[in-house]
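Residues: numbered from 1 along the sequence shown. Given the structure is predicted, the values throughout are model-derived calculations rather than measurements. Indexing begins at 1, ligand by ligand and atom by atom, following the structure's order.
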Amino acid sequence: MQYLVAVRALCAFTAKHGDLDLRFTPAPSAQEGIAGHVLVASRRGGDYQTEVSLQGDYKELCVRGRADGYDPVQNQLEEVKTFRGDLHRMADNRRALHWAQVKIYGWLLCREKNLDDINLALVYLDIASLQETTLAEHFTASSLQAYFEAQCERFLAWARQELLHRETRDASLTALQFPHAGFRAGQHDLASAIYKASLAGQCLMAQAPTGIGKTIGTIFPLLKATPGRQLDKLFFLAAKTPGRALALDALARLRQGATALPLPLRVLELVAKTKACEHPDKACHGDACPLAKGFYDRLPQARSQAVSHAAAGGLLDKAALRALALSHKVCPYYLSQDLLNWSDVVVCDYNYYFDSSALLHGQTVANAWRVSVLVDEAHNLLERARKMYSATLSQAQLQDVHDTAPAAVRRALERLNLSFDSLQRQQTQAYQVYDELPAPLLKALQQTITTITDFLAANPTRMDAALQDFYFEALHFSRMADSFGEHSMLDLTLQHEPAGDARRDGWGDAGGATLCIRNVVPAPFLSPRLAAAQSVALFSATLSPRKFYTDTLGLPASAGWIDVQSPFMARQLRVEVVSDVSTRWQHRDDSLEPIAALMARQYAQAPGNYLTFLSSYDYLQKLAAFFRAHHPHIPMWEQTPRMDEAARDDFLARFTADGQGIGFAVLGGSFAEGIDLPGKRLIGAFIATLGLPQVNPVNEQIKARMAANFGGSRGYDYAYLYPGLQKVVQAAGRVIRTTSDEGVIYLIDDRFMRADIQALFPAWWQVRHHKARGTPQRRAAHPGPAQETFKSLDAP
Ligand code: SF4
């Protein structure tokens with residue numbers, strides 16, 4: 001068997017030595033890099049060849065890559081590197097890496113063209129001045145061959161064990177058994193659909209209820225499909241930390257249950273740099289951080305131990321990586337990035353694959369990896385992706401940065417501020433949406449970015465967190481402005497300063513403003529990422545309506561769909577629609593008494609643990625205060641804004657199997673999804689809201705943008721109704737977690753009676769009609785034609 005390795009990867013493995021050095025020097029963007037290569041080529045003669053594909057074998061290795069340029073007249077092979085700042089500051093080990101690459105290309109070209117010797121050149125193009133600095137040397141073919149073979153020899157032992165690993169991994173996956181005695185109801189349907197979609201190279205949406213074991217029911221079939229599809233890696237992408245923990249747990253169980261053959265699966269957990277860093281007060285270079293000093297010298301041992309740890313059955317999760325990294329005195333975060341190359345399964349957050357500069361997606365494309373992607377709790381992807389592709393520029397932040405900025409960049413910040421001032425002076429309302437990007441402001445922004453870039457490049461050791469944060473936001477804004485289109489909207493919000501707040505001289509005469517590019521439909525950004533994988537499965541308990549998610553997430557027309565039947569029986573859950581209470585904003589005060597009475601009545605009938613969901617903290621506090629005053633004997637506890645992890649744990653700890661009381665929470669918050677309170681830990685929920693986003697100028701614009709993208713009739717549904725009902729169903733899903741659970745849900749608002757709203761409920765629910773102020777009545781599952789128009793739902 002042959003092991004295929006790219007020149008860059010080979011050199012990164014064999015020719016990197018010394019310190020990790022990520023001193024903050026703004027690298028040219030990908031576009032600047034491409035433009036730089038084109039510029040250099042345009043300065044060469046007519047015979048100059050670009051992007052020269054080269055390949056050569058050594059024992060089991062097949063080495064290939066593309067050299068940047070070859071001039072046959074001068075017999076000179078060139079490797080072009082764009083840079084910014086002072087070239088003399090480039091670390092020696094980086095320069096050595098560049099020489100290693102060009103020498104490998106040099107031998108491959110000599111071999112192909114039967115050359116006896118060749119000139120090799122590193123061409124450094126300063127992206128600011130467009131000046132070239134060329135370092136050239138003459139080499140004989142025999143010396144380059146010796147160098148090539150030496151590098152290959154250094155990689156060969158690793159490549160052989162990688163080949164062996166792939167062989168044993170695939171044999172084990174072929175023999176892999178499901179780790180439980182049997183599949184749960186619905187779990188086999190889900191697993192089977194995922195397996196078939198993977199074999200067919202298809203994108204699949206899977207709506208599958210809670211409690212059927214979705215995590216293992218998706219990972220297992222994908223692992224089984226891995227050998228047949230010759231997959232390099234499986235990415236499990238989670239919206240939140242608990243999703244990652246469940247995936248790691250499922251993978252650990254799969255390994256323990258692999259009875260036929262041991263499962264030598266390398267499972268890597270990627271966490272954010274802020275969570276993995278051991279020295280958050282230091283910069284990432286050898287002069288500052290001890291774990292960066294000599295990083296590449298110690299990396300091979302750490303890497304070897306990591307794969308041994310995995311071969312022995314260990315997961316490479318955050319804790320294991322930390323222990324391993326510290327034992328070798330290397331940075332855990334950058335160790336995990338190296339191990340990404342050698343891992344079979346990567347468990348991480350969505351943003352590692354979906355955001356605008358996502359590591360996993362970038363590496364997949366660069367290395368032509370064959371990957372399959374699982375998207376856990378995929379109903380979250382819309383909101384998360386919108387955030388990834390939105391950008392904000394705030395005048396308040398600009399002013400704060402200006403206060404502490406070095407003199408070299410102040411003038412640029414002031415010019416940008418003036419552009420802001422002029423923009424907001426033209427605006428007569430507090431909030432306004434614009435069809436076009438403001439050209440003068442964007443020009444000032446570009447100048448500011450260039451000025452800060454040059455300053456940071458000239459001062460790479462300077463730590464200025466505020467300036468760097470602003471710089472990254474400005475860059476992101478500029479990138480989002482470049483790709484602005486129908487999928488996003490642009491708005492300016494004015495925040496007038498309170499009277500008497502003295503302005504700084506020369507710093508504008510108007511109040512602060514915030515310019516925002518809001519992504520509404522992330523489909524155009526997500527679809528290339530979905531297409532880069534061999535197969536993608538998006539799964540969740542709430543992915544209805546299918547078309548809403550297909551449209552907004554950019555799923556291909558060929559995407560499959562499965563709606564897994566719930567294992568739960570209607571008799572397990574009493575769903576009461578309370579039709580004589582309105583939770584509309586103007587009726588909220590009137591609603592407190594009947595809702596509190598209803599809750600107290602239910603609690604008296606069946607004491608135990610309940611959750612009550614409201615639309616806002618304001619409503620929550622009003623209802624909680626009323627409830628406490630009128631039913632002081634019933635234990636209760638409340639969610640509060642910005643609860644930390646300990647406070648959230650305390651809130652959940654009240655839900656014990658023999659506990660009693662009512663927790664008050666906001667819909668769409670931390671306790672409305674992703675929490676598991678089986679059995680008596682939760683026996684009921686009161687949901688006093690439809691979860692509709694607030695009617696405000698921003699959401700009205702989102703509605704208009706949805707209508708423009710998907711047709712007028714869909715504007716309201718896509719902006720308000722579907723996101724709201726999705727939250728309601730998620731919150732209701734906290735009550736029944738296993739086939740032995742029993743409970744009750746009260747859906748409190750007359751609008752829940754509407755047929756079009758009940759059509760969005762899970763199919764297994766049987767809805768009853770309940771009067772909070774009168775005697776409960778039974779009624780059929782669907783109440784008949786809607787009594788209201790959509791317009792009335794718009795009312796706040
Ligand atoms: S430990 Fe922290 S400061 Fe040191 S190299 Fe790693 S991420 Fe950078």
Chemist: Tell me whether Arg89 forms a cation-pi arrangement with Phe83, defined as NZ or CZ under 6.0 Å from the six-membered ring centre and within 45 degrees of its axis.
Modeler: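 Arg89 over Phe83 ring: no.
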
Chemist: Answer yes or no for Lys103 and Tyr147: cation-pi contact, defined as NZ/CZ to six-membered ring centre under 6.0 Å and angle to ring axis within 45°.
Modeler: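 Pair Lys103/Tyr147 counts as cation-pi.
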
Chemist: How far is atom 1 (S) of ligand 1 from its nearest protein heavy atom, and which residue and atom is that?
Modeler: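 Nearest neighbour among protein heavy atoms for atom 1 (S) of ligand 1, to 0.1 Å: Glu278 N, 3.6 Å.
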
Chemist: Taking 4.0 angstrom as the limit and counting only heavy atoms of Cys289, give me the atoms of ligand 1 inside it, by number and element.
Modeler: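 This gives 1 (S), 3 (S), 4 (Fe), 5 (S) as the contact atoms.
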
Chemist: Using 2.8 Å as the threshold, say whether any N, O or S atom from Cys277 sits that close to atom 8 (Fe) of ligand 1.
Modeler: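 No - counting backbone and side chain alike, Cys277 has no N, O or S atom under 2.8 Å.
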
Chemist: Could you tell me which atoms of ligand 1, counted from 1 in the order shown, lie closer than 4.0 angstrom to a heavy atom of Lys282?
Modeler: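 So the atoms of ligand 1 that pass are 3 (S).
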
Chemist: More than 12 non-hydrogen atoms from neighbouring residues, nucleotides or ligands closer than 6.0 Å to CG on Asp92, yes or no?
Modeler: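 Counting other residues, nucleotides and ligands, CG of Asp92 stays at 12 neighbours or fewer.
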
Chemist: For ligand 1, which atoms have a heavy atom of Lys273 less than 4.0 angstrom away?
Modeler: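 Listed by number with element: 7 (S).
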
Chemist: Can a side-chain donor-acceptor contact be found between Thr82 and Tyr124 if the only test is distance below 3.5 angstrom?
Modeler: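 Distance-only check fails for Tyr124 and Thr82.
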
Chemist: What protein heavy atom sits nearest atom 3 (S) of ligand 1, and how far away is it?
Modeler: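 The answer is His279 O, 3.5 Å.
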
Chemist: Do the side-chain N and O atoms of Gln395 and Thr514 include a donor-acceptor pair separated by under 3.5 angstrom?
Modeler: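 No.
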
Chemist: Using a 4.0 Å cutoff against the non-hydrogen atoms of Cys331, which atoms of ligand 1 qualify?
Modeler: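 Answer, ordered by atom number: 1 (S), 5 (S), 6 (Fe), 7 (S).
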
Chemist: Mind listing the closest non-hydrogen atom pair of Val330 and Leu299 along with its distance?
Modeler: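 Residues Val330 and Leu299, closest heavy atoms: CG1-N, 4.3 Å.
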
Chemist: State whether Cys284 contributes an N/O/S atom found under 2.8 Å from atom 4 (Fe) of ligand 1.
Modeler: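 Coordinating: no.
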
